[in-house]
Amino acid sequence: QNYLREVNGIFSKMDTDQSGTVTLQEFKQHLEDETMSAHFESLGLDPPEVWTLFKLMNMDGGNIIDRNEFIHGCLRLKGNAKSIDLALLSYEQRWLAQRLSMFMQRTDKALCLLMAQVSRSAE
């Protein structure tokens with residue numbers, strides 16, 4: 001409960017325009033502030049981890065995160081990774097690798113067919 005209050009307070013301090021979101025610029029400004037860095041460290045979050053957190057939450061490239069994303073992200077970063085997190089990451093990586101491999105095979109076949117057709121029409 002106290003941790004959530006602290007994280008919520010940090011977000012409020014970073015949200016200088018009170019929009020309910022923190023932009024990349026606001027985040028950078030506060031990350032360079034020694035007091036804010038001390039807040040993060042007191043929560044068990046090193047500033048480089050917090051920067052990673054922002055990058056991970058900024059999946060759409062909009063350079064904006066909201067309060068809930070920030071709080072959930074800080075909760076996920078707190079402490080060591082859980083086995084289930086690592087297992088899920090491993091599963092997703094294998095699934096993506098398989099999908100990419102299938103896509104590459106289909107693309108290769110389609111390219112070969114296309115090249116054969118171009119070759120025949122050139123004759």
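We number each residue from 1, following the sequence as shown.
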Which distance, rounded to the nearest 0.5 Å, do you find between the [atom1] of [X] and the [atom2] of [Y]?
X     : Y     : atom1 : atom2 : answer
Arg67 : Ser19 : CZ    : OG    : 9.5 Å
Asn8  : Ile71 : CG    : CD1   : 4.5 Å
Thr35 : Asp33 : OG1   : CG    : 4.5 Å

Backbone N or O of [Y] within a donor-acceptor pair of the [X] side chain at under 3.5 Å?
X     : Y     : value
Glu32 : Gln29 : no
His30 : Met36 : no
Asp15 : Gly20 : yes

Query raised in the report: Where do Phe11 and Val22 land on the side chain to side chain contact (heavy atoms under 4.5 Å, CB included) test, with the steps shown first?
Result: CA-CA 8 Å; Phe11 184 87; Val22 172; 3.2 Å; yes
For residues 88-108, dump all side-chain donor-acceptor pairs below 3.5 Å to protein atoms at least two apart in sequence or in another chain.
from: Ser90; atom 1: OG; to: Arg94; atom 2: NH1; distance (Å): 2.8
from: Thr107; atom 1: OG1; to: Phe103; atom 2: O; distance (Å): 2.8

Query raised in the report: Taking the side chain as C-beta and beyond, is there a heavy-atom pair between Glu69 and Thr21 under 4.5 Å?
Result: no
Report task. Please test Glu26 against Asp17 for side chain to side chain contact (heavy atoms under 4.5 Å, CB included), starting from the C-alpha separation and ending with a verdict. Result -> CA-CA 9 Å; Glu26 288 172 322; Asp17 62 359; 3.2 Å; yes
